[in-house]
Amino acid sequence: MNQDDADSVHFAESALLQALPVAAWIKDLQSRYIWVNPELEHLHGLSTQAFLGHSDADLLPDWLYEHVQFEELAVLATGHPRIAELELPYPGENARTLRCHRSCLYDEAGQLSGIAGFAVDISAEKQLRKELQIQINSQSSWLRAMKDHALISMMNRQGRFTYVSEQYGRLIGQAAKAMLGQSRAEFGLQPEGLSIGYYLTLAEQGTPVTLEFSGQRPDGSPYWARSLLIALKSAADAEQIFFELATDLTTEKMTASALNTVNDNLIELINKNTELIAQLEVVARTDPLTGLLNRRALYERARQEGDRAKRKCTPLSLIALDIDHFKKINDSYGHECGDQALVQLARWCAQALRSSDLMARTGGEEFIILLPDTDLEHALAIAERIRALVQNSKVVVEEGERHFSYTISQGVALVGAAESVQDAMIRADRALYRAKSEGRNRVCQASL
Amino acid sequence: MQSNPLSDRKLRALAPDPNSPQSLMVQFYQKLKIAITAGYWLPNESLPTALQFAQLFDLPLATVQVVFDRLVSESWLLQTSTQYYQITPKIDQPMSHLSNFSDLLHARGFKAGSVWLKREIGEPELEEEWRLKLKTGEKVSRLQRLRTANDQVVGYESTTLPSHILPNPDEVGASLYQYMHEHQLVIAKAVEEIDAYICDQPMAELCGFVPGQALLRLTRVSFLPNGRAFELTYSYFRSDYYRYVVEYN
């Protein structure tokens with residue numbers, strides 16, 4: 001994969017993560033947020049800044065915070081993912097119920113480094129479960145039984161109605177009187193594929209028979225019912241009376257099928273997102289402020305680039321870069337302006353660099369630029385180009401009200417044939433400090 | 001046991017936050033207590049010493065020691081030697097639903113067990129007749145057992161059922177609930193009462209508790225879907241190892 005491909009994959013991953021339909025987050029070992037996605041921000045009605053560096057102690061009611069602490073420590077204690085439900089009392093008047101999935105995160109060296117989590121909103125599912133439970137409970141109550149008793153009919157051996165209660169008629173959407181003398185089959189009141197005669201014969205042998213049937217009322221609405229068939233006389237009697245006691249299952253079935261849909265959606269959502277969650281790790285490689293690679297990602301890429309340069313016998317150079325008097329910027333303009341200076345530097349450098357070059361933020365105001373296919377002479381020229389660009393540019397803050405400028409010091413090194421990229425970085429760093437001590441705003445070449 | 005308990009990175013999650021408005025001691029107390037209940041340490045595993053915690057989190061030793069002493073006095077921790085502490089089988093019982101005692105203990109890494117003391121059919125006592133609404137002359141089946149956590153007695157339980165529900169008490173294996181399940185005895189409703197009980201001499205001899213120790217007594221009556229009471233259970237738990245947690249919404 002070439003650099004452009006890698007960049008676009010990286011971009012796609014970030015975009016996917018941003019577009020996650022569930023709230024997701026990463027926390028460090030002290031339980032402070034280090035990454036959140038827009039869904040989580042939306043859920044709490046807070047901005048990214050309100051999360052980063054903060055723990056849930058600042059975001060959740062006290063009683064929920066203890067629960068979250070317990071869940072997080074239990075994940076760390078066992079190393080196993082855990083799922084727990086959380087009821088959020090805000091925003092809005094309706095409480096939201098979240099199903100939170102949490103698992104441990106490990107760094108490159110396999111060391112425990114934090115916790116990743118995502119939350120699925122299951123409020124709708126919970127509401128439906130509650131409704132279904134009410135349906136099931138009322139099903140067994142005496143009141144319901146009394147009502148059900150009124151859903152009755154009587155039939156003769158031919159399966160023609162001799163009595164139909166008003167409620168029974170209402171259930172299937174027919175006038176009870178109009179059903180008298182008609183055959184059951186005409187209304188489709190039998191289980192699929194089997195004739196009513198089969199059930200009547202069974203019932204006549206002395207055991208009550210149950211059957212479930214469903215259909216549509218003339219107005220198009222569906223109904224479901226379960227009936228108990230009892231033969232009141234014996235098979236030997238000339239005339240038979242079949243007594244039917246029906247139970248209306250319509251609401252229960254409709255709630256259950258709605259619940260199934262919700263469950264299916266939920267399972268689909270979780271299946272889709274497990275893959276995305278696995279990619280959360282990728283985001284942990286990016287510096288959230290500048291969008292540059294972070295230190296960990298840099299070392300990984302540096303190793304790859306070093307290997308490639310050796311394999312292809314091409315030169316690999318690098319620049320160690322540091323903003324001059326950065327503390328003064330922070331002190332005199334505030335931290336937000338300091339942040340702005342860092343963001344701008346990343347943009348300016350992007351103008352001076354090729355797409356194959358890599359830039360990483362390795363510390364507060366420290367950066368490393370990797371220059372593949374570049375010898376020392378060209379690397380020095382690029383560093384000088386960046387130096388001049390930064391010196392002649394301004395950082396505009398407070399909506400254009402104020403501006404300031406700053407300079408940078410750089411150390412440039414060519415990775416030696418028998419040298420590791422890491423060792424070259426150390427040499428570049430020494431050159432950077434020489435540049436600082438020689439008066440700043442300059443480029444120094446690393447000594448061998 | 002680990003050679004160096006401090007190398008464990010999960011311990012870093014217990015570091016108090018100097019930027020929090022709460023005192024470091026309160027933060028450490030809360031984190032350590034939650035870690036104990038969340039399963040950071042297994043039964044018989046020693047916690048890092050107070051000195052180790054103090055060095056790891058840059059806390060005064062006295063602060064850590066106060067927290068340890070407090071957790072010992074609340075029975076979350078047990079001091080096993082001058083510097084070493086271990087967790088106890090103390091559990092929180094959430095009130096909102098019927099939780100299985102064995103599951104709660106198991107979640108904390110303890111082996112839940114029970115020792116049968118008695119399984120018999122007999123004449124009901126007045127309280128049993130009243131609670132189970134027994135007909136005159138109806139007999140009862142009684143099951144009495146000790147509840148244990150890692151072979152340490154933490155409670156005593158006595159269950160009474162009408163003998164027509166459980167004609168042969170010896171059929172009940174380790175779990176009464178399993179027997180109920182197998183015999184389609186569904187609990188439609190249960191009512192639980194809680195009161196304090198002072199351990200008397202016979203109970204002390206039976207369970208190895210200290211006479212005069214405060215016990216928590218739970219009295220539960222369970223009902224079948226047809227409305228009939230069918231199970232009466234008295235549970236006596238060491239009040240230092242058992243807590244009831246009730247949430248109001």
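Numbered from 1 within each chain, the chains take letters A, B, ... in sequence-line order.
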Inspect the surroundings of [atom1] in [X] and state if more than 12 heavy atoms from other residues, nucleotides or ligands are less than 6.0 Å away.
X	atom1	value
B:E182	CD	yes
B:K133	NZ	yes
B:H183	NE2	yes
B:R70	CZ	no
B:D195	CG	yes
B:D58	CG	no

Strictly distance-based, threshold 3.5 Å: is any side-chain N or O of B:R9 a donor or acceptor partner for the main-chain N or O of A:L112?
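Side chain of B:R9 to backbone of A:L112: a pair is present.
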Under 4.5 Å from any heavy atom of chain A - which part of B:K31
both
What part of B:Q30 is in contact with chain A, defined as an atom under 4.5 angstrom from a non-hydrogen atom: side chain, backbone, both or neither?
side chain
Going from CG on A:L73 to CG on B:L14, what distance comes out if it is rounded to the nearest 0.5 angstrom?
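These two atoms lie 6.0 Å from each other.
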Roughly how far apart are A:Q30 CD and B:N19 CG, rounded to 0.5 Å?
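Nearest 0.5 Å value for the CD-CG distance: 11.0 Å.
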Provide the closest heavy-atom pair for A:A77 versus B:G39 in the form atom of the first, atom of the second, distance.
CB-O, 3.4 Å
Looking at every heavy atom in both B:I34 and A:E66, which two are closest together, and how far apart are they?
CD1-O, 4.0 Å
Is chain B contacted by the side chain of A:E72, its backbone, both, or neither, given a heavy-atom distance below 4.5 Å?
neither
